[in-house]
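Comments concern the structure below.
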Amino acid sequence: MIFDAPAGKNPTDQMKVLGQPLDRYEAAAKTTGTATYAYEWRDVAPDFAYGYILGAAVSKGRIATLDTLAAERAPGVVGVVTHRNAGKPGVGKFYVHRMLAAPEVDHYHQPVAVVVAETFEQARAAAAQIRVTYDRTAGRFDLEAQKGSAPIPPQGEFGGPNEKQVGDFAAGFAGAAVKIDETYVVPDQAHCMMEPHATIARWDGDRVTCWTSIQQMNWGTRDLGAILGIPKESIRLISPFIGGGFGGKGTVQIDLALAAIAARVVGRPVKIALQRPLMFNTTIHRPKTIQRVRLGAGRDGRLVAIGHESWSGNLPGGRTEPTVASTRTLYAGANRLTVMRLATLDLAEGNAMRAPGEAPGLMALEVAMDELAEKLGMDPIELRIVNDTQVDPEDPNKPFSTRQFVRCLREGAERFGWSRRDPKPAQKREGEWLIGMGMAGAIRAGKIAKAGARARLERDGRVIIETDMTDIGTGSYTVVQQTAAEVMGIAPHQVVVKLGDSSFPETPGSGGQQGAPSVTAGTYAACMALREVVANKLGLNAPDVAFAGGQVVSGGRSVPLGDAARDAPVVVEDHMTFEKMADAYQQQTFAAHFAEVAVNAYTGEARVRRMLAVCAAGRILNAKTARSQVIGGMVMGIGAALTEEMTVDRRFGFFVNHDLAGYEVPVHADVPHLDAWFIDEVDPTVSPVKAKGVGELGLTGVAPAVANAVYNATGVRVREYPLTLDKHLDRLPAMA
């Protein structure tokens, strides 16, 4: 099915099942412990052995000597895999890091060897007997030190140009009545998903099957094929349940690559899970950014100049962190300059982490907007409203498909009680606590991509949907179930959903906030094709047939849906492909985030007391699961604002706090009552289902809302995240 014109009325508009706050499809499996995660498969490879990865002890250099003899002779050891016997593994298309030091070492903890043994304990013990020496070379580990020589890289495959100017920024900024010119720092951050990266790999001749934890099947087969040097058609990935990903499991990581390589070398299925410390320095992370934001406005608050320059670092060949993406589309302004520069750093690869670009970019832009509002003597919400636009600020011929940003701002202000905020900082106190409110706008691209599904009608009237879409805890199973039930006119319990198998029809998977709108569009296409086949088999007039209550109705005749499968199941497969709409419209999602914080005047400790998000993201497919996604993003935003930072040892070049004891994510005690509301809207330009993604919108804008609330509480502006007490303690107002 081709989607090349705005959607009209169709079966999804009934909203009998879609939009309802149904419980998760897989809830019972997860709460009873019967949902099988990557490391838990048993019967698929009963003779599997355990792999344990030994990481490099230096950050840059070359393996000088590598003695594995003692490890090979250790009890239970099946084999030891190094660059000597692994062949020459390639590199995938999306991540640039090499899965094995060969023998050059690119970064700390880059895998040097995989010990394969009968038990995990034997593999770990044997790994400790490997003796490695290195020729260490000087590395680059400090973004600030490399900033001055960082070039503007060529435009990458994923994202817009790294430098763009509209109008005359220099002249516009110079002539502005009110100006802001500040620099903001966002540190390296880790995904810290609950489930570690894990894989079981089994070869059957020249084909490999991997039970793994991965978000995007199509990228996974492509990249694993490139690494192994085999066709993607010879690879099957199975990942029905994923314990969180946040972009860190987008495609092939070292667990998947090395399990497959090790299984090929030793001739046995191999099972690998990454120990938590290895995840921080070996997989990807959100890279540190240094961002300079310049805003120029008239006395009325209208922006006349918007400048956003950003520096990030990466391994050679890596990508920039696209921090300026949100700046290019969020606010009007005639004169605009956005630039991204990329330094070479010898740290683990920086790459996609939840809302790459928008999340750290708004951590700078939305604080700068708060600073500009204060300088203007203007309410921060009103400043954003006067700079609203219904067309792309950089392309006036491209309207937004839907843009209810102002409604998010106004409704959020009303619900949160924004009118009670004192615009003068450090005015409200409760005992030893300073109380403040802050807000920030949010935007996240409403991406969608080609997606397919297979629909099977059984004799009992059940419909089975198969698609390679994954569920990383976001509710993919549930919205697929609801879409199929709505289109086929059956109850949700009559829909069986099978996800996370690369042998199923292809989708873009879970990533970039495009999973739900894409897979529901693919499900819609398959179900509409099934409806047509069913109508024809039952001898009904397809154009005017209705599907409701498990019946197929046309011209006064009503037939049970299952009758079409009386002789054999009816199976159809279709894809939804998208043309023209994304070129004709700027498709984005919007939100307004509000936070109230308390800062202890004596210790500087900051606590979030309450938060609200008001979101506009097209049709909400399931109010319950959408709310869960948004409040999950808000929790992540609290961490980004107040606690999360991967600390670099600039002498030896590694992330020091590489575990969940040293890298502090929010826990229950840090998270107050969170509230999320959705603006009632549909977007007919996105797909027939008229929905957009919402998961990353719950994160973008949260951290700056908290930062702005901390400033309103204390009167101390901190421009380097996280806002830990040491950064403002000596400047807090004195208590009477």
Between Arg294 and Glu309, is the closest basic N to carboxylate O distance under 4.0 Å?
yes

Can you name the residues that form a ring-ring contact (aromatic ring centres under 6.0 Å, His included) with Phe141, not counting sequence neighbours?
none

Please determine whether a side-chain nitrogen of the Lys or Arg among Lys249 and Glu195 lies less than 4.0 Å from a carboxylate oxygen of the Asp or Glu.
yes

Residues Glu394 and Arg336 bridged, charged N to O under 4.0 Å
yes

Parallel, tilted or perpendicular, as decided by the 30° and 60° cut-offs, for the rings of Phe590 and Phe405
tilted

Enumerate the residue pairs fulfilling salt bridge (charged side-chain N to carboxylate O under 4.0 Å, His left out) with a member in residues 440-449, sequence neighbours excluded, ordered by first and then second residue.
Glu358-Arg444, Arg444-Glu696

Who are the ring-ring contact (aromatic ring centres under 6.0 Å, His included) partners of Tyr711, not counting sequence neighbours?
none

Just to verify, what does Pro423 make a side chain to side chain contact (heavy atoms under 4.5 Å, CB included) with, not counting sequence neighbours?
Arg421

So which pairs with a foot in residues 630-648 pass side chain to side chain donor-acceptor pair (under 3.5 Å), sequence neighbours left out?
Glu644-Tyr663

Indicate the ring-plane relationship of His658 and Phe654, choosing parallel, tilted or perpendicular according to the 30° and 60° boundaries.
tilted

Salt bridge (charged side-chain N to carboxylate O under 4.0 Å, His left out) pairs touching residues 342-352, sequence neighbours excluded, are Lys60-Asp346, Arg140-Asp346

Just wondering, do Met636 and Phe246 contact through their side chains at under 4.5 Å, heavy atoms?
yes

Aromatic plane relationship, Phe94 with Trp219 - under 30° parallel, 30 to 60° tilted, over 60° perpendicular:
tilted

